[in-house]
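Structure, as structure tokens:
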Amino acid sequence: MAGQVFFTEETMKFLRGLKKNNDREWFEARRDVYERALKAPMLAFVEAINAKLVEFAPEHVRPANKITMRIYRDTRFSKNKAPYKTQLPAWWARRGMEKTSGGGYYMHINPQEVLVAAGVYMPEREQLLKIRTWMAENHAAYRKLLKTAMKGHGLSLSGDDALTRMPKGFAAEHPADELLRAKNWGVSVRLPAELALQPTLLSEVVKRMKAATPVVEALNGAILAGVDEREGRPRKALF
């Protein structure tokens with residue numbers, strides 16, 4: 001059975017125009033187009049992904065309006081005062097970690113690409129230490145998870161931003177070298193923008209999310225530090 005087409009050329013035309021005219025006057029004059037060709041189909045697309053995530057990542061399922069990120073940029077602390085994002089982004093946080101930087105799934109669509117990513121991005125200080133401490137002991141098992149996730153799915157390591165030196169408290173010659181110096185952990189893939197207009201979009205995105213799920217679960221397990229959130233009992237080891 002053919003898949004559903006969520007986005008159209010009108011979606012891409014709007015995003016291209018927004019990139020050239022990123023101001024409120026231009027946007028408000030075309031708000032009806034935004035609501036019809038961008039916001040509504042994005043919510044429907046997120047709902048469709050949610051229906052798939054129930055099978056392999058139910059802790060990341062929330063209402064579509066909570067997962068779909070706002071089109072409005074936060075310009076308070078940015079030199080770039082453009083008011084709107086020029087892509088359609090969504091972030092599937094783990095339940096209970098919505099306001100932190102726990103492991104999750106991210107994707108966006110714009111006229112240049114369809115980006116799918118999974119992992120931990122810019123974790124808080126406490127989470128950062130927990131992940132690094134876990135990596136120091138489980139780096140071999142984590143590397144195996146990465147290898148399996150990347151095999152055959154076009155996924156590659158996310159985040160090339162890393163410390164130049166080993167963080168304090170870890171041996172300079174530690175075998176987990178690059179994993180300990182990292183600031184972000186996970187995998188990502190950039191797919192052709194044309195995919196956004198195809199009926200295979202949903203299956204291609206979900207396929208990458210599913211492949212990356214063991215990586216996301218391992219990272220969240222490190223952050224959650226061994227306690228069952230529901231009953232307060234010790235969590236079984238991941239490996």
Side-chain angles (χ1 to χ4, degrees), residues 57 59-60 67 69-70 73-80 85-87 89-108 110 112-151 153-191 205 208-209 211-227 235 238-239:
E59 299 88 356
H60 295 263
I67 293 169
M69 300 171 75
R70 287 160 52 87
R73 293 183 63 251
D74 185 350
T75 61
R76 292 173 298 172
F77 309 107
S78 174
K79 292 182 179 179
N80 179 5
K85 298 169 186 172
T86 54
Q87 69 272 352
W91 167 244
W92 285 262
R94 190 186 190 283
R95 194 176 301 122
M97 303 174 85
E98 297 91 339
K99 297 183 179 180
T100 71
S101 300
Y105 307 89
Y106 172 84
M107 67 87 57
H108 73 225
N110 64 32
Q112 289 74 49
E113 65 185 10
V114 174
L115 173 67
V116 183
V120 175
Y121 178 69
M122 295 182 66
E124 299 170 353
R125 185 175 179 178
E126 182 180 349
Q127 295 176 340
L128 190 65
L129 179 58
K130 285 185 176 182
I131 291 173
R132 285 177 172 154
T133 300
W134 182 86
M135 284 292 175
E137 300 177 358
N138 298 279
H139 55 91
Y142 182 72
R143 291 186 204 278
K144 289 181 181 179
L145 291 180
L146 288 174
K147 185 177 181 181
T148 301
M150 293 188 289
K151 185 177 181 180
H153 297 99
L155 293 162
S156 59
L157 291 177
S158 296
D160 53 6
D161 183 22
L163 299 174
T164 56
R165 297 181 180 180
M166 193 66 76
K168 185 178 179 180
F170 298 93
E173 302 301 323
H174 198 290
D177 178 34
E178 82 285 1
L179 295 175
L180 294 176
R181 290 188 294 105
K183 297 180 182 179
N184 309 296
W185 292 268
V187 291
S188 64
V189 62
R190 297 179 186 277
L191 302 170
V205 171
R208 271 74 182 194
M209 288 181 167
T213 293
V215 174
V216 174
E217 290 180 343
L219 293 168
N220 279 334
I223 292 171
L224 292 171
V227 176
R235 180 187 296 273
L238 285 168
F239 305 105

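Smallest separation of non-hydrogen atoms from P167 and L180: CG-O, 3.5 Å. The shortest non-hydrogen separation linking F170 to T133 is CZ-N, 4.0 Å. When all heavy atoms of R143 and D177 are compared, the pair lying nearest together is NH2-N, 4.5 Å. The minimum heavy-atom distance linking L155 with A211 is given by the pair CD1-CB, 4.2 Å.
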Trace of the side-chain contact (heavy atoms from CB on, under 4.5 Å) decision for Y142 with L219: CA-CA 9 Å; Y142 182 72; L219 293 168; 4.0 Å; yes
Kindly determine whether N110 and T86 satisfy side-chain contact (heavy atoms from CB on, under 4.5 Å), including the steps that lead there. CA-CA 7 Å; N110 64 32; T86 54; 6.0 Å; no
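Formation of a donor-acceptor pair under 3.5 Å by the R181 side chain with backbone atoms of L163 is found in this model.
For the atom pair CH2 of W91 and NE2 of H60, the computed distance is 8.0 Å after rounding to the nearest 0.5 Å. Interatomic distance, L224 CG to W134 CH2, rounded to the nearest 0.5 Å: 12.5 Å. Going from atom CD of E59 over to atom OG1 of T213 covers 9.5 Å, rounded to the nearest 0.5 Å. With values rounded to the nearest 0.5 angstrom, R95 atom CZ is found 13.0 Å from M97 atom CE.
The ring-ring contact (aromatic ring centres under 6.0 Å, His included) search around H108 returns Y106, not counting sequence neighbours. Qualifying side-chain contact (heavy atoms from CB on, under 4.5 Å) partners for R190, counting only residues two or more places apart in sequence or in other chains: E113, L115.
Side-chain contact check for N80 versus T75: every heavy-atom pair is 4.5 Å or farther apart.
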